[in-house]
Protein chains: 2
Amino acid sequence: MAILVVGSIALDTIRSPYGHVERSLGGSATFFALSASYFTEVRMIGVVGEDFTAHDEEVMRKRGVDTRGIEHAPGKTFHWSGEYGKNPNDCTMHELHMNVFEKFQPKIPAGYLDSEYLFLGNIDPLLQAKVHGQLKSAKLVGLDTHPFWIETAAKQLADAIKNIDVMIINDGEARQFAADHNLVRASQKILAMGPKALVIKHGEYGATIFFREQQFGFGKHPFRAPALPLEEVRDPTGAGDAFAGGFMGYIASQGKLTAEVLKRAMFYGGVMGGFAVERFGTERLLSLTRDEIEARFQIFRQMTHLG
Amino acid sequence: MAILVVGSIALDTIRSPYGHVERSLGGSATFFALSASYFTEVRMIGVVGEDFTAHDEEVMRKRGVDTRGIEHAPGKTFHWSGEYGKNPNDCTMHELHMNVFEKFQPKIPAGYLDSEYLFLGNIDPLLQAKVHGQLKSAKLVGLDTHPFWIETAAKQLADAIKNIDVMIINDGEARQFAADHNLVRASQKILAMGPKALVIKHGEYGATIFFREQQFGFGKHPFRAPALPLEEVRDPTGAGDAFAGGFMGYIASQGKLTAEVLKRAMFYGGVMGGFAVERFGTERLLSLTRDEIEARFQIFRQMTHLG
């Protein structure tokens with residue numbers, strides 16, 4: 001079933017100890033869409049400038065992504081440049097140009113209004129709420145954010161998550177948003193604000209999904225999925241969006257919201273997040289096969305399951 | 001089957017946001033022995049001073065721990081005091097008095113020489129190697145260390161791990177010892193120094209066991225066990241030793257070294273480490289039942305296993 005994603009589309013300049021890329025296709029909607037495209041039909045809403053090439057769009061289309069919702073605006077595409085250290089959690093941002101993204105007002109094309117799944121990628125929470133308001137029929141709504149919005153728009157973010165199903169953020173964002181270092185208490189505080197479930201991503205340590213009581217048939221304990229320990233994290237950019245794409249994409253492909261579907265979705269999220277960081281930019285997410293994804297899923301199972 | 005542990009026995013003064021204790025029974029050998037005592041027969045080697053009371057020893061004996069190897073020396077017992085912050089990973093040490101521990105020369109009582117399992121707790125690696133040399137018949141030897149020895153005695157530590165089976169350390173120690181931020185590469189470097197397996201503890205995120213190729217019937221991928229997300233970490237002291245006690249104790253109780261035994265041992269390690277931090281000092285490790293341990297083990301399974 002179709003999943004609609006709204007988020008940033010960017011041209012990223014990235015350097016890490018393993019190499020660099022210049023103005024490479026990126027952004028939260030891009031990574032999410034490519035990742036989810038291995039599981040289900042994906043529709044994309046975002047804005048690009050005049051420097052966004054036909055080739056860039058073709059890359060998305062080749063993966064079956066519906067790009068009718070990409071708006072072409074006068075000016076330049078959202079661009080950032082940054083550098084990762086030996087510790088991939090250390091990132092120095094050199095440049096950030098919002099460009100056409102600054103005045104982005106997402107519009108849902110008529111052909112997208114029957115989307116049953118919705119992912120609100122990292123954009124202004126006011127815009128996330130607006131998009132959600134236009135697609136109230138969605139069966140499941142996921143939302144990601146960024147420390148910038150937690151710092152500057154916490155109230156708007158609280159409004160945006162009031163009626164969603166799953167918030168998907170990382171350790172640091174959960175601690176910051178709940179103002180509590182302990183992740184269990186932080187999850188309780190965030191779940192009390194509305195979401196039925198909260199996925200907290202722990203980077204190389206995997207991710208945990210916490211539930212509001214009795215949701216999706218889960219008991220009081222969370223569920224934890226691993227990450228594959230990698231020898232080389234070449235480019236961490238997009239890992240979180242690739243996780244969300246695997247998680248939401250798998251759920252959309254199943255068409256039912258059972259506890260088992262959510263557990264497997266956590267594994268697929270980890271699988272896709274891991275693939276994303278093995279190569280620069282979107283490279284690995286463009287060259288995958290479903291067999292490779294299933295093989296990695298089986299490794300995750302072997303890595304965590306008792307006999 | 002009997003497991004012999006050598007390590008520190010201490011009187012700890014600990015403060016955390018949840019309370020404090022004064023001169024409470026602690027030390028690496030103590031936490032390890034109490035934890036392992038729920039699984040198998042435990043024998044203990046360590047040194048205490050004149051301030052170590054008959055009550056302190058009785059506490060160990062009540063858990064069935066064989067304390068014949070505790071040497072009583074003139075002077076005071078090893079003592080430290082410290083304070084944990086809201087983030088339990090932040091610890092400020094106020095005092096550290098080695099006292100009788102400074103000149104500790106472990107001696108293995110004749111009655112301990114048939115111990116089939118050996119755990120070399122955090123002490124000078126020269127002493128760890130000496131004890132191991134006196135118990136060459138051990139079926140499985142585990143070893144823990146501390147950043148202090150990595151900084152000041154890396155060569156001696158490298159010698160001490162040459163012929164052991166399992167090294168059990170945490171993220172920071174693995175990175176420091178291998179001089180590599182990446183845990184996969186760090187594990188490869190450490191395994192190349194001798195151990196057949198390396199357990200890296202990730203605190204609240206669980207632990208991973210890495211293997212030298214073909215050891216214990218494992219393939220090339222590591223195995224990962226969770227930790228139970230806790231709302232309150234009251235006192236993190238001894239968590240690592242309690243983990244090692246559950247891990248080694250379970251292995252000793254099984255008497256065979258299969259891949260499945262090692263996987264379950266990782267789960268029991270996580271279970272015992274989690275219990276240790278729920279109360280101050282040794283409190284929780286003294287009041288457990290095997291049923292509580294099994295119930296927690298089942299929660300770990302539910303938290304990680306697909307249907």
Side-chain angles (χ1 to χ4, degrees), chain A residues 17 85-90 171 175 179-188 200 202-210 217-233 258-268 270 296-307, chain B residues 17 85-90 171 175 179-188 200 202-210 217-233 258-268 270 296-307:
Chain A
K86 275 191 187 172
N87 173 350
N89 298 319
D90 297 335
D171 285 351
R175 291 183 167 124
D180 196 321
H181 186 271
N182 181 285
L183 289 180
V184 178
R185 288 194 307 259
S187 73
Q188 289 163 348
I200 303 186
H202 315 306
E204 63 178 310
Y205 302 121
T208 306
I209 183 164
F210 296 88
F218 267 86
K220 67 174 188 158
H221 296 294
F223 184 78
R224 184 163 273 189
L228 185 66
L230 292 170
E231 217 169 309
E232 291 183 345
V233 174
T258 64
E260 186 62 23
V261 166
L262 282 165
K263 288 180 189 179
R264 286 171 185 258
M266 287 292 287
F267 271 54
Y268 281 111
R296 187 65 66 90
F297 183 90
Q298 291 309 324
I299 291 171
F300 272 45
R301 186 195 274 270
Q302 287 160 24
M303 265 180 48
T304 52
H305 282 47
L306 302 174
Chain B
K86 274 192 188 172
N87 174 352
N89 298 318
D90 296 337
D171 285 351
R175 291 183 166 124
D180 197 322
H181 186 272
N182 182 286
L183 289 179
V184 178
R185 288 194 308 260
S187 73
Q188 289 163 349
I200 304 185
H202 315 307
E204 64 178 309
Y205 302 121
T208 307
I209 184 164
F210 296 89
F218 267 87
K220 68 174 186 158
H221 295 295
F223 184 76
R224 184 163 273 189
L228 185 67
L230 292 170
E231 216 170 309
E232 291 184 346
V233 174
T258 64
E260 185 62 21
V261 166
L262 282 165
K263 287 180 189 178
R264 285 170 186 260
M266 288 291 287
F267 271 55
Y268 280 110
R296 188 67 66 90
F297 183 91
Q298 290 309 325
I299 292 171
F300 272 45
R301 186 195 274 269
Q302 287 160 24
M303 266 180 48
T304 52
H305 283 45
L306 302 173

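With a 4.5 angstrom heavy-atom cutoff, A:E231 touches chain B via backbone and side-chain atoms both. Using a 4.5 Å cut-off between heavy atoms, A:L230 contacts chain B through its backbone alone, with no side-chain atom that close. The part of A:F297 that comes within reach of chain B is its side chain, from C-beta onward, which places non-hydrogen atoms under 4.5 angstrom from that chain.
The distance from atom CZ of B:F267 to atom OG1 of A:T304, rounded to the nearest 0.5 Å, is 7.0 Å. To the nearest 0.5 Å, atoms CD (B:Q298) and NE2 (A:H221) are separated by 11.5 Å.
When every heavy atom of A:P222 is checked against every heavy atom of B:M303, the shortest pair comes out as O-CG, 3.1 Å. The shortest non-hydrogen separation linking B:P229 to A:R224 is CG-NH2, 3.7 Å.
For the side chain to side chain contact (heavy atoms under 4.5 Å, CB included) test, residues two or more places apart in sequence or in another chain that qualify with A:D90 are A:N87.
Aromatic ring orientation, B:H202 versus A:Y205: tilted (interplanar angle from 30° to 60°).
Here the side chains of A:R264 and B:L306 are in contact, with some heavy-atom distance below 4.5 Å. Side-chain contact between B:H305 and A:K263 is absent, with no heavy atoms from C-beta onward closer than 4.5 Å. The shortest side-chain heavy-atom distance between A:N182 and B:E204 does not fall under the 4.5 Å cut-off.
The greatest number of non-hydrogen atom pairs below 4.5 Å with chain B, out of A:Q302, A:E232, A:Q188, is found for A:Q188.
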